[in-house]
Amino acid sequence: MATPMVRAEAVHKSFGRNQVLRGIDIEVAPREVMCIIGPSGSGKSTFLRCINHLEKIDAGRLWVDGELVGYREHGGRLHELPDREVCHKRSEIGMVFQGFNLFPHMTALENVLEAPVRVKREPVAAATERGRALLDRVGLGDRLDAHPRQLSGGQQQRVAIARALAMQPKLMLFDEPTSALDPELVGDVLNVMRDLAHEGMTMIVVTHEMGFAREVGDSLVFMDSGAIVEAGSPRDVIGNPQQQRTKDFLSKVL
(Lines give C-alpha, C1' and ligand atoms only; values in the text may rest on other atoms or scores of the structure.)
Protein backbone atom coordinates (compact mmCIF):
# COMPACT_ATOMS: atom_id res chain seq x y z
CA MET A 1 0.00 0.00 0.00
CA ALA A 2 1.11 3.56 -0.68
CA THR A 3 2.52 5.52 2.22
CA PRO A 4 -0.16 7.88 3.58
CA MET A 5 0.55 11.52 2.80
CA VAL A 6 -0.62 12.38 6.33
CA ARG A 7 -0.91 10.04 9.28
CA ALA A 8 -1.88 11.14 12.77
CA GLU A 9 -1.71 8.73 15.68
CA ALA A 10 -3.18 9.62 19.09
CA VAL A 11 -2.36 13.33 18.66
CA HIS A 12 -2.96 15.49 21.72
CA LYS A 13 -2.54 19.22 22.11
CA SER A 14 -3.35 21.52 25.04
CA PHE A 15 -3.06 25.23 25.66
CA GLY A 16 -2.68 25.48 29.40
CA ARG A 17 -5.58 23.56 30.91
CA ASN A 18 -7.57 23.69 27.69
CA GLN A 19 -7.26 20.32 25.96
CA VAL A 20 -7.77 21.20 22.28
CA LEU A 21 -6.94 17.86 20.62
CA ARG A 22 -7.84 14.62 22.37
CA GLY A 23 -6.23 11.71 20.57
CA ILE A 24 -6.69 12.39 16.84
CA ASP A 25 -6.20 9.41 14.51
CA ILE A 26 -6.32 10.19 10.79
CA GLU A 27 -4.86 8.91 7.54
CA VAL A 28 -4.90 10.87 4.28
CA ALA A 29 -3.81 9.05 1.13
CA PRO A 30 -1.85 10.71 -1.68
CA ARG A 31 -4.21 12.63 -4.01
CA GLU A 32 -7.00 12.46 -1.41
CA VAL A 33 -9.11 15.49 -0.51
CA MET A 34 -10.16 15.32 3.14
CA CYS A 35 -12.65 17.89 4.41
CA ILE A 36 -12.94 18.61 8.13
CA ILE A 37 -16.08 20.16 9.54
CA GLY A 38 -17.23 21.01 13.04
CA PRO A 39 -18.21 23.88 15.33
CA SER A 40 -15.85 26.69 16.27
CA GLY A 41 -13.41 25.64 18.95
CA SER A 42 -13.48 21.96 18.02
CA GLY A 43 -9.74 21.84 17.24
CA LYS A 44 -9.88 21.82 13.44
CA SER A 45 -7.51 24.73 12.84
CA THR A 46 -5.15 23.63 15.61
CA PHE A 47 -4.85 20.21 13.99
CA LEU A 48 -3.90 21.80 10.66
CA ARG A 49 -1.26 23.91 12.38
CA CYS A 50 0.16 20.80 14.02
CA ILE A 51 0.59 19.12 10.63
CA ASN A 52 3.18 21.70 9.56
CA HIS A 53 4.58 22.16 13.09
CA LEU A 54 3.28 25.69 13.57
CA GLU A 55 2.02 24.14 16.80
CA LYS A 56 3.93 21.40 18.64
CA ILE A 57 1.92 18.39 19.69
CA ASP A 58 2.02 17.25 23.31
CA ALA A 59 1.61 13.52 22.67
CA GLY A 60 1.21 11.10 19.79
CA ARG A 61 2.86 11.05 16.38
CA LEU A 62 2.34 12.93 13.13
CA TRP A 63 3.86 11.91 9.81
CA VAL A 64 3.83 13.66 6.43
CA ASP A 65 4.85 11.48 3.49
CA GLY A 66 6.32 8.91 5.86
CA GLU A 67 8.47 11.35 7.87
CA LEU A 68 7.78 12.53 11.40
CA VAL A 69 6.70 16.15 11.62
CA GLY A 70 9.11 18.29 13.64
CA TYR A 71 10.99 15.39 15.20
CA ARG A 72 13.26 12.44 14.58
CA GLU A 73 12.97 9.24 16.54
CA HIS A 74 16.07 7.69 18.07
CA GLY A 75 16.19 4.96 20.65
CA GLY A 76 12.43 5.08 21.08
CA ARG A 77 12.49 8.77 22.01
CA LEU A 78 11.55 11.87 20.02
CA HIS A 79 14.14 14.58 19.46
CA GLU A 80 12.99 17.93 18.07
CA LEU A 81 14.53 18.90 14.76
CA PRO A 82 16.56 22.12 14.44
CA ASP A 83 14.62 25.13 13.18
CA ARG A 84 16.34 24.97 9.78
CA GLU A 85 15.16 21.40 9.19
CA VAL A 86 11.66 22.23 10.42
CA CYS A 87 11.48 25.16 7.99
CA HIS A 88 12.67 22.95 5.13
CA LYS A 89 9.96 20.37 5.84
CA ARG A 90 7.36 23.12 6.25
CA SER A 91 8.25 24.47 2.81
CA GLU A 92 6.89 21.23 1.34
CA ILE A 93 3.45 21.93 2.83
CA GLY A 94 1.33 24.76 1.47
CA MET A 95 -1.06 26.47 3.85
CA VAL A 96 -3.84 28.94 3.11
CA PHE A 97 -5.33 30.76 6.10
CA GLN A 98 -8.64 32.52 6.75
CA GLY A 99 -6.81 35.85 6.61
CA PHE A 100 -4.89 36.35 3.39
CA ASN A 101 -1.62 37.37 5.08
CA LEU A 102 -0.25 39.03 1.95
CA PHE A 103 2.58 41.54 2.19
CA PRO A 104 0.74 44.86 1.68
CA HIS A 105 3.75 46.65 0.16
CA MET A 106 4.26 43.98 -2.52
CA THR A 107 2.40 43.37 -5.76
CA ALA A 108 0.54 40.13 -6.37
CA LEU A 109 3.48 38.77 -8.36
CA GLU A 110 6.02 39.87 -5.76
CA ASN A 111 4.01 38.11 -3.03
CA VAL A 112 4.13 34.89 -5.06
CA LEU A 113 7.86 35.17 -5.79
CA GLU A 114 9.02 35.98 -2.27
CA ALA A 115 9.25 32.47 -0.79
CA PRO A 116 10.71 30.60 -3.81
CA VAL A 117 13.42 33.23 -4.23
CA ARG A 118 14.20 33.84 -0.54
CA VAL A 119 13.68 30.35 0.88
CA LYS A 120 14.47 28.03 -2.03
CA ARG A 121 17.01 30.37 -3.64
CA GLU A 122 15.37 29.93 -7.02
CA PRO A 123 16.61 32.13 -9.87
CA VAL A 124 14.38 35.19 -10.16
CA ALA A 125 13.68 34.62 -13.86
CA ALA A 126 12.47 31.04 -13.37
CA ALA A 127 10.42 31.95 -10.29
CA THR A 128 8.86 34.89 -12.15
CA GLU A 129 7.86 32.71 -15.09
CA ARG A 130 6.18 30.19 -12.80
CA GLY A 131 4.62 32.96 -10.67
CA ARG A 132 3.02 34.52 -13.73
CA ALA A 133 1.70 31.11 -14.79
CA LEU A 134 0.28 30.45 -11.29
CA LEU A 135 -1.49 33.81 -11.11
CA ASP A 136 -2.91 33.19 -14.57
CA ARG A 137 -4.04 29.75 -13.37
CA VAL A 138 -6.04 31.30 -10.51
CA GLY A 139 -7.60 33.86 -12.86
CA LEU A 140 -5.38 36.82 -11.98
CA GLY A 141 -3.06 37.00 -14.96
CA ASP A 142 -4.16 40.59 -15.52
CA ARG A 143 -3.50 41.71 -11.92
CA LEU A 144 0.21 40.88 -11.56
CA ASP A 145 1.14 44.41 -10.57
CA ALA A 146 -1.80 45.07 -8.26
CA HIS A 147 -1.18 45.56 -4.53
CA PRO A 148 -3.43 43.77 -2.01
CA ARG A 149 -5.38 46.95 -1.25
CA GLN A 150 -6.37 47.06 -4.94
CA LEU A 151 -7.77 43.51 -4.88
CA SER A 152 -11.03 42.11 -3.55
CA GLY A 153 -10.96 39.59 -0.73
CA GLY A 154 -11.53 36.74 -3.16
CA GLN A 155 -8.69 37.94 -5.38
CA GLN A 156 -6.37 38.26 -2.38
CA GLN A 157 -7.21 34.71 -1.33
CA ARG A 158 -6.45 33.45 -4.84
CA VAL A 159 -3.07 35.23 -4.67
CA ALA A 160 -2.50 33.44 -1.35
CA ILE A 161 -3.24 30.09 -3.02
CA ALA A 162 -0.85 30.90 -5.87
CA ARG A 163 1.79 31.88 -3.31
CA ALA A 164 1.43 28.53 -1.54
CA LEU A 165 1.60 26.64 -4.86
CA ALA A 166 4.76 28.53 -5.84
CA MET A 167 6.69 26.39 -3.36
CA GLN A 168 5.57 23.27 -5.27
CA PRO A 169 4.16 21.59 -2.15
CA LYS A 170 3.29 17.92 -1.85
CA LEU A 171 0.36 18.76 0.44
CA MET A 172 -2.03 21.72 0.71
CA LEU A 173 -3.79 22.72 3.93
CA PHE A 174 -6.76 25.11 3.79
CA ASP A 175 -8.05 26.66 7.00
CA GLU A 176 -11.55 27.93 6.24
CA PRO A 177 -10.27 29.78 3.17
CA THR A 178 -13.65 31.33 2.30
CA SER A 179 -14.90 32.30 5.76
CA ALA A 180 -13.69 35.91 5.51
CA LEU A 181 -15.14 36.46 2.04
CA ASP A 182 -18.36 38.08 0.88
CA PRO A 183 -20.72 35.36 -0.39
CA GLU A 184 -20.41 36.40 -4.05
CA LEU A 185 -16.61 35.97 -3.91
CA VAL A 186 -16.62 32.45 -2.47
CA GLY A 187 -17.22 30.69 -5.78
CA ASP A 188 -14.03 31.89 -7.45
CA VAL A 189 -11.87 30.57 -4.60
CA LEU A 190 -13.72 27.24 -4.46
CA ASN A 191 -13.28 26.85 -8.23
CA VAL A 192 -9.51 27.14 -7.86
CA MET A 193 -9.55 24.55 -5.08
CA ARG A 194 -11.80 22.30 -7.18
CA ASP A 195 -9.28 22.47 -10.05
CA LEU A 196 -6.43 21.58 -7.68
CA ALA A 197 -8.35 18.55 -6.47
CA HIS A 198 -9.01 17.38 -10.03
CA GLU A 199 -5.28 17.71 -10.77
CA GLY A 200 -4.47 15.32 -7.92
CA MET A 201 -3.22 17.66 -5.19
CA THR A 202 -3.46 16.10 -1.73
CA MET A 203 -5.57 18.50 0.34
CA ILE A 204 -6.95 18.83 3.85
CA VAL A 205 -9.67 21.46 3.93
CA VAL A 206 -11.29 22.85 7.06
CA THR A 207 -14.52 24.27 5.71
CA HIS A 208 -18.14 25.21 6.30
CA GLU A 209 -18.91 24.83 2.59
CA MET A 210 -20.96 21.63 2.66
CA GLY A 211 -21.60 21.65 -1.07
CA PHE A 212 -17.87 21.73 -1.76
CA ALA A 213 -17.24 18.97 0.80
CA ARG A 214 -19.92 16.76 -0.75
CA GLU A 215 -18.78 17.37 -4.34
CA VAL A 216 -15.00 17.48 -4.07
CA GLY A 217 -14.10 15.67 -0.85
CA ASP A 218 -13.04 12.02 -0.89
CA SER A 219 -13.49 11.82 2.88
CA LEU A 220 -15.18 13.89 5.54
CA VAL A 221 -14.33 14.20 9.24
CA PHE A 222 -16.63 15.77 11.81
CA MET A 223 -14.79 17.07 14.90
CA ASP A 224 -16.18 18.32 18.19
CA SER A 225 -14.43 19.16 21.46
CA GLY A 226 -11.04 18.07 20.15
CA ALA A 227 -12.12 14.61 19.03
CA ILE A 228 -13.28 12.92 15.84
CA VAL A 229 -16.97 12.15 16.28
CA GLU A 230 -17.65 10.67 12.85
CA ALA A 231 -15.74 10.04 9.62
CA GLY A 232 -16.54 8.53 6.24
CA SER A 233 -17.45 9.51 2.72
CA PRO A 234 -18.96 13.00 2.48
CA ARG A 235 -22.22 11.68 1.05
CA ASP A 236 -22.59 9.20 3.91
CA VAL A 237 -21.66 11.58 6.73
CA ILE A 238 -23.74 14.47 5.38
CA GLY A 239 -26.60 12.42 3.99
CA ASN A 240 -26.89 9.78 6.69
CA PRO A 241 -24.96 10.72 9.86
CA GLN A 242 -24.77 8.00 12.48
CA GLN A 243 -23.92 10.07 15.57
CA GLN A 244 -26.43 12.33 17.27
CA ARG A 245 -23.85 15.10 17.68
CA THR A 246 -23.22 15.04 13.91
CA LYS A 247 -26.96 15.17 13.25
CA ASP A 248 -27.36 18.17 15.58
CA PHE A 249 -24.51 20.06 13.90
CA LEU A 250 -25.65 19.37 10.34
CA SER A 251 -29.23 20.36 11.16
CA LYS A 252 -27.93 23.86 11.91
CA VAL A 253 -25.65 24.32 8.90
CA LEU A 254 -27.54 22.64 6.05
Side-chain angles (χ1 to χ4, degrees), residues 4-28 34-65 67-73 76-102 115 157 160 163-164 169 171-181 202-209 213 219-231 237 243-246 248-250 252-253:
M5 181 58 71
V6 178
R7 179 179 163 211
E9 187 178 278
V11 169
H12 288 76
K13 174 65 181 178
S14 296
F15 295 104
R17 295 184 178 181
N18 182 21
Q19 194 172 1
V20 180
L21 299 177
R22 305 167 183 261
I24 300 296
D25 293 296
I26 273 178
E27 281 196 6
V28 183
M34 175 179 281
C35 294
I36 303 178
I37 63 173
S40 297
S42 59
K44 308 181 302 293
S45 297
T46 297
F47 179 62
L48 281 196
R49 293 173 64 85
C50 289
I51 291 174
N52 64 3
H53 208 59
L54 288 174
E55 299 288 354
K56 300 176 185 179
I57 64 176
D58 298 325
R61 299 283 193 278
L62 257 173
W63 294 265
V64 170
D65 202 16
E67 296 186 359
L68 280 170
V69 173
Y71 300 91
R72 61 180 174 83
E73 192 163 7
R77 298 182 63 183
L78 292 182
H79 303 269
E80 191 165 4
L81 294 175
D83 287 345
R84 180 176 295 182
E85 289 187 51
V86 170
C87 289
H88 173 71
K89 297 296 183 187
R90 190 178 291 141
S91 71
E92 300 175 338
I93 304 171
M95 187 159 185
V96 178
F97 301 86
Q98 296 178 44
F100 321 124
N101 295 343
L102 299 178
Q157 192 62 295
R163 179 180 59 184
L171 167 68
M172 285 285 287
L173 308 176
F174 292 88
D175 186 9
E176 298 188 25
T178 60
S179 65
L181 302 179
T202 309
M203 298 162 56
I204 304 179
V205 184
V206 171
T207 185
H208 293 298
E209 302 290 340
S219 58
L220 182 69
V221 170
F222 171 62
M223 288 181 64
D224 188 36
S225 301
I228 295 174
V229 176
E230 190 163 348
V237 175
Q243 303 299 318
Q244 187 60 47
R245 182 65 188 95
T246 315
D248 293 343
F249 174 79
L250 290 173
K252 293 181 174 68
V253 299

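No experiment lies behind these values; they were computed from the predicted model shown.
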(message) Pairing donors with acceptors under 3.5 angstrom, does anything connect the side chains of T246 and E230?
(response) yes
(request) Any chance you could measure D25, atom CG, to I228, atom CD1, to the nearest 0.5 Å? (result) 6.5 Å
(request) Output, in order, the C-alpha distance, side-chain angles, deciding distance and verdict of side-chain contact (heavy atoms from CB on, under 4.5 Å) for V96 and D175. (result) CA-CA 6 Å; V96 178; D175 186 9; over 6 Å; no
(message) Checking the side chain of T207 only, and the main-chain atoms of E209 only, is there a donor and an acceptor separated by less than 3.5 Å?
(response) yes
(message) Quick check against the 3.5 Å criterion: does R61 have a side-chain atom that pairs as donor or acceptor with the backbone of V11?
(response) no
(message) Tell me if a side-chain donor or acceptor on D224 pairs with a main-chain N or O of S42 at a distance below 3.5 Å.
(response) no
(message) Donor-acceptor pair, distance only, cut-off 3.5 Å: does the side chain of Q157 make one with the backbone of P177?
(response) yes
(message) Taking the basic N atoms (NZ, or NE/NH1/NH2) and the acidic carboxylate oxygens, is any pair closer than 4.0 Å for R7 and E9?
(response) yes
(request) Could you check Y71 against H79 for side-chain contact (heavy atoms from CB on, under 4.5 Å), going step by step and ending with a plain yes or no? (result) CA-CA 5 Å; Y71 300 91; H79 303 269; over 6 Å; no
(request) Tell me, with the steps shown, if C50 and L62 meet side-chain contact (heavy atoms from CB on, under 4.5 Å). (result) CA-CA 8 Å; C50 289; L62 257 173; 3.8 Å; yes
(message) With rounding to the nearest 0.5 angstrom, report the CD to OG distance, E55 to S45.
(response) 10.5 Å
(message) Within the structure provided, determine whether M95 and R90 are in side-chain contact (heavy-atom separation under 4.5 Å).
(response) no
(message) So which atom in D58 and which in S14 form the shortest heavy-atom distance, rounded to 0.1 Å?
(response) OD2-N, 2.6 Å
(request) Kindly indicate, with the supporting measurements, whether the criterion side-chain contact (heavy atoms from CB on, under 4.5 Å) is fulfilled by E73 and L68. (result) CA-CA 8 Å; E73 192 163 7; L68 280 170; 3.8 Å; yes
(request) Please round to the nearest 0.5 Å and tell me the distance separating atom CG of L102 and atom CZ of R163. (result) 5.0 Å
(message) Could you check whether any side-chain heavy atom of I37 comes within less than 4.5 Å of a side-chain heavy atom of F249, counting everything from C-beta outward?
(response) yes
(request) Output yes when a side-chain donor or acceptor of H53 lies under 3.5 Å from a complementary backbone atom of I51, and no otherwise. (result) no
(message) Please determine whether a side-chain nitrogen of the Lys or Arg among E80 and K56 lies less than 4.0 Å from a carboxylate oxygen of the Asp or Glu.
(response) yes
(request) Kindly compute the distance separating CZ (R22) from NZ (K13), expressed to the nearest 0.5 Å. (result) 14.5 Å
(message) Does atom CG (D83) have a neighbourhood of more than 12 heavy atoms from anything else shown, all under 6.0 Å?
(response) no
(message) Can a donor-acceptor pair be found, under 3.5 Å and without considering hydrogens, that links the side chain of S179 to the backbone of E176?
(response) yes
(request) Give, for atom CG of L48 and atom CZ of F97, the distance between the pair rounded to the nearest 0.5 Å. (result) 9.0 Å
(request) Search all heavy atoms of Q98 against all heavy atoms of A180 and return the closest pair with its distance. (result) O-CB, 3.8 Å
(message) Does any part of the side chain of F100, heavy atoms only, come nearer than 4.5 Å to the side chain of L181, both counted from C-beta?
(response) yes
(request) Check whether any side-chain heavy atom of N52 sits under 4.5 Å from a side-chain heavy atom of V69, and report yes or no. (result) no
(request) Evaluate the side-chain proximity of C35 to F174: yes if any heavy-atom separation is below 4.5 Å, no if none is. (result) no
(request) Inspect the contact between R72 and E85 and indicate whether a charged nitrogen and a carboxylate oxygen are less than 4.0 angstrom apart. (result) no
(request) Give me the one residue out of V6, I26, V206 that meets side chain to side chain contact (heavy atoms under 4.5 Å, CB included) with M34. (result) I26
(message) I'd like to check P169 versus E92 (side-chain heavy atoms, cut-off strictly below 4.5 Å). Are they in contact?
(response) no
(message) Rounded to the nearest 0.5 Å, what separates atom CD1 in I24 from atom NZ in K44?
(response) 11.5 Å
(request) Mind listing the closest non-hydrogen atom pair of G94 and A164 along with its distance? (result) CA-CB, 4.1 Å
